[in-house]
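Just below is one structure, and these are the notes that go with it.
Proteins get letters first, then strands, A, B, ... in listed order; numbering begins at 1 in each. Nothing here was measured: the structure is a model prediction, and the numbers come from that model.
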There are 4 protein chains.
Amino acid sequence: MPAATAPAERKVTRPRADALRNRERIVAAAREMFVEHGPEVPIDEVARRAGVGNATVYRNFPDRDALVREVVCSVMDRTAEAAELALAESGDAFTALEHFVHAAADERIGALCPMVSSTFDQHHPDLVASRERVERLIEEVMGRAKAAGRLRPDVGVGDLMIAVGQLSRPPAGTDCLRGDRFVHRLLQLFLDGLRAPARSALPGEALSIRELRAS
Amino acid sequence: MPAATAPAERKVTRPRADALRNRERIVAAAREMFVEHGPEVPIDEVARRAGVGNATVYRNFPDRDALVREVVCSVMDRTAEAAELALAESGDAFTALEHFVHAAADERIGALCPMVSSTFDQHHPDLVASRERVERLIEEVMGRAKAAGRLRPDVGVGDLMIAVGQLSRPPAGTDCLRGDRFVHRLLQLFLDGLRAPARSALPGEALSIRELRAS
Amino acid sequence: MPAATAPAERKVTRPRADALRNRERIVAAAREMFVEHGPEVPIDEVARRAGVGNATVYRNFPDRDALVREVVCSVMDRTAEAAELALAESGDAFTALEHFVHAAADERIGALCPMVSSTFDQHHPDLVASRERVERLIEEVMGRAKAAGRLRPDVGVGDLMIAVGQLSRPPAGTDCLRGDRFVHRLLQLFLDGLRAPARSALPGEALSIRELRAS
Amino acid sequence: MPAATAPAERKVTRPRADALRNRERIVAAAREMFVEHGPEVPIDEVARRAGVGNATVYRNFPDRDALVREVVCSVMDRTAEAAELALAESGDAFTALEHFVHAAADERIGALCPMVSSTFDQHHPDLVASRERVERLIEEVMGRAKAAGRLRPDVGVGDLMIAVGQLSRPPAGTDCLRGDRFVHRLLQLFLDGLRAPARSALPGEALSIRELRAS
DNA sequence: TATGAATGAGGCTTCATTCAT
DNA sequence: AATGAATGAAGCCTCATTCAT
């Protein structure tokens, strides 16, 4: 009964606003619980934390992996924004790299990537898109730093991405974030190892974007 | 050359030999599966891989955590041996450190420590003993390297242990060991960051043995 | 005759009605199976008898003991009601006692109390509440009968409660209720032993409520 | 190599002595554990308590029920002996009955009969033989007491046997024997109910031996 | 659309029983 | 004959997912 366009539009828009809010609350709750309690948290717990029924989660995300993907992508997107900010703000290219690395750790990127289970489709378009965006930005940052002679030339995008992910993961069987104190120390040590001039020869070859993607 | 040991001795030893062989096969299978598929592998799968019935696993290890503990301890012990070897063989103290770090990674120490689940008793005597042995050795290696002016003085045992564990873990949702190629690159970069002179100031404080243990 | 109750009210009430029905079916099925086959019946069998999935049982009762508790409490409550009825209806105090005893047996109280397993929390508030209610009523009945000179004075609440429970249990390895024929005979014999005047001296001391609870 | 008869005989007899000793230790251990921890104790625990390997239990008793049967029969036999003693020693027939009842309770007959599981063959010849022996003796005792006008005439063998069994069982979810204090009180009360003259009319009919066996 | 309830598959663990020494 | 070890069949419980309101 579309009597009048305007009110009808309201009718259609209002519920969508609620639904979107729900969806966002679910993603936020999932991110928190994944970060705090690891990737095994039951969906029902996420729903409870989000303040919705469990079935509402499934309405928004067909299965568990879809929810995980959404969370991971959203974190990657925020990380990309951090990289863009670092690029824009820092005069020195290596300083930009450092800012980005620590910002990525604060996004818990390390805690969230591991959520990817064995059934998870690593090649899902959304995931690929988010990852590539981050990769391109990192490549940009690293390229500038290398050009400025501040970053050793024998490292690649993959080296940095994996190291940041690993070092910022909750260490070992730790449920929570207690490790925060360490994380930035370890990242700083790693960054010091990245500076030019290189202090040793690296085994293997630099991991480029292409190689990362081949996996 | 036991030409004529008493038959009685054989009688007592023989059955135990089979059982020990089984126990070792179980531990080996568990280590492989934990490394390849993460800490969540069903015990029944471990049993299948070991070629025994599931109950045989439980006969040898009262519950899942006991099996995990055995695997973790055995890996730590091998790591400790690697550290002793590095101490004995290397003239240069930092070189010893490098040898030890790469050897520890080859032991998959990073893949195995995370097995420690939330129900796991971090303070079990066996586990504590193995861990302390490793810690003492690392402290010895690092102390020598610092004394030789090769290792930056603002790092502690905990920094190294956690970094090695994290960097040598199977990265992210990776089931298997594909990451091996990266691991030694990343460790080498981290080691370069550890060299003296320090290239930056580290946030926080060095993690000593005592602090590690307090957690 | 709810001609036009609000539809909203229906919406809220309806689903709960189904769930409640399920819950009651589970309790009823559990009671039957416990009575017929003893306290060891698999939960899955109870679920099957109730016509629900096993997980539905666990949704309603977090673990086996919770289900057992519910059944035991419901039986105790019905027994208490029988005691109240006996108190209200019978002019003669000993007759009231007899009525109550036979009614309790008909409730299968003897078959159900033994369900209390070793892991069972004997001090759970619900259980304590139901038990105390029964105890107080029995004390009331026995007190009156003693005052009327119909009940020997050297017996206590505990004597009666335990005797009724034991005598009304399914005898020995009997799966089912075949023993019903005996039960009321045995209870009647026991009741005859309770009458004043006492025909012998009893060993030990009367078991009061307090002593029962101390155990 | 039967060189000489005498030594050979020794050879054959000696091991049998050991085996018999083992068998007896197993039965004794089983009885203790059944009494203390209920009918669910694992066979391996019985074996440990007996100080033998589990397989030795199975060598002597093909399956669990066979062990249970042996224990039950041995207890019944001892109970029969108690009945014979009571018959021989007591001048008064009802006093003999009382002695027998309390002696049977001390044999834990109530704790052991319930071991009879649902898979148990109630009609096994050994079991039937032991039971009939007890029944005949009880009938003898009761017959004399009735003839002496000390036992009410409307009770049967089955009434007594079942009541003794039930009243001497460990009450409810009790692992152990704590109930001992009550047992003899309750039995005494029941015995008082058995005395002539009868204080009430019993429902149903006296349970004779034949009826017991028909079940 | 949102929800609570229902489901079935699967993991951990125990135990009666059998096998190999 | 005696033993320790091995086995597989259950039972309990959890959780991803689907249904019915």
Side-chain angles (χ1 to χ4, degrees), chain A residues 15-16 18-19 22 40-47 51-65 67 119, chain B residues 10-23 40-47 51-65 67 119, chain C residues 10-23 40-45 47 51-65 67 119, chain D residues 14-16 18-19 22-23 40-47 51-65 67 117 119:
Chain A
R16 185 171 290 170
D18 265 29
N22 260 348
E40 313 288 331
V41 285
I43 291 282
D44 282 27
E45 296 294 318
V46 172
V52 303
N54 58 355
T56 300
V57 176
Y58 283 94
R59 168 166 298 281
N60 284 277
F61 306 96
D63 58 16
R64 181 191 185 84
D65 283 350
L67 174 57
T119 70
Chain B
R10 272 233 300 264
K11 239 184 195 170
V12 172
T13 311
R14 264 284 187 72
R16 192 168 283 168
D18 265 30
L20 271 186
R21 196 156 201 93
N22 259 345
R23 186 187 173 93
E40 312 290 330
V41 285
I43 292 281
D44 284 26
E45 296 296 318
V46 173
V52 303
N54 59 354
T56 300
V57 176
Y58 285 97
R59 164 174 288 278
N60 283 279
F61 306 96
D63 57 17
R64 181 192 190 81
D65 283 350
L67 175 56
T119 73
Chain C
R10 273 233 298 263
K11 241 184 196 171
V12 173
T13 311
R14 267 285 188 72
R16 192 167 285 169
D18 264 30
L20 271 186
R21 195 156 202 91
N22 260 344
R23 184 185 174 94
E40 312 290 331
V41 285
I43 292 282
D44 286 25
E45 296 295 318
V52 302
N54 59 353
T56 298
V57 177
Y58 286 98
R59 163 173 289 279
N60 284 278
F61 306 96
D63 57 17
R64 183 192 189 80
D65 283 350
L67 174 56
T119 73
Chain D
R14 265 282 190 73
R16 187 170 287 168
D18 266 29
N22 261 348
R23 185 185 175 93
E40 312 289 330
V41 286
I43 292 281
D44 283 26
E45 296 294 319
V46 173
V52 302
N54 57 356
T56 300
V57 176
Y58 283 95
R59 167 166 300 280
N60 283 278
F61 306 95
D63 57 17
R64 183 191 183 83
D65 282 350
L67 174 57
S117 74
T119 71

Would you say a side-chain N or O of B:Thr56 is under 4.0 Å from OP1 or OP2 of F:dT7?
yes
Under a 3.5 Å limit for both distances, which nucleotide forms a Watson-Crick or G-U wobble pair with F:dC15, could you say?
E:dG8
Heavy-atom pair of closest approach, residues C:Arg64 and C:Ile43:
NH1-CG1, 3.6 Å
Roughly how many Å is it from CG in C:Asn22 to P in F:dA20, rounded to a whole number?
13 Å
Figure out the CD/P separation between D:Glu45 and E:dC15, and round it to whole Å.
8 Å
Whole-Å distance separating the CD1 atom of A:Ile43 from the C1' atom of E:dG4
16 Å
Partner nucleotide of F:dA20 by Watson-Crick or wobble geometry (both distances under 3.5 Å):
E:dT3
The nucleotide from F:dT17, E:dT17, E:dT3 with an atom nearest the side chain of A:Ala55 is E:dT3
Closest approach of A:Tyr58 to A:Asp63 (non-hydrogen atoms, all atoms of both residues):
CE2-CA, 4.3 Å
Give D:Asn54 one of three labels, base, sugar-phosphate or nothing, depending on what nucleic acid heavy atoms sit under 4.0 Å from its own.
base
Contact class for B:Arg59 vs. all strands (heavy atom < 4.0 Å): base, sugar-phosphate, or nothing?
base
Would you kindly give the CZ-to-P distance between C:Arg21 and F:dT21, to the nearest whole Å?
14 Å
Between F:dG4 atom C1' and B:Asp18 atom CG, what is the distance in whole Å?
11 Å
Heavy atoms of D:Ala47 and D:Val57 approach each other most closely as CB-CG2, 3.8 Å
Whole-Å distance between F:dC13 C1' and B:Asp63 CG?
16 Å
Starting at the 5' end of DNA chain E and moving along, which residue's nearest nucleotide shows up first, D:Glu40 or B:Pro42?
B:Pro42
Most 5' of C:Asn60 and C:Asp44 on DNA chain E, judged by nearest nucleotide
C:Asn60
To the nearest Å, how far apart are B:Arg64 CZ and F:dC13 P?
19 Å
What nucleotide, of F:dT14, E:dT17, E:dT14, holds the atom closest to the side chain of B:Tyr58?
E:dT14
In terms of the nearest nucleotide of DNA chain F, which residue is placed more toward the 5' end: A:Val41 or D:Val57?
D:Val57
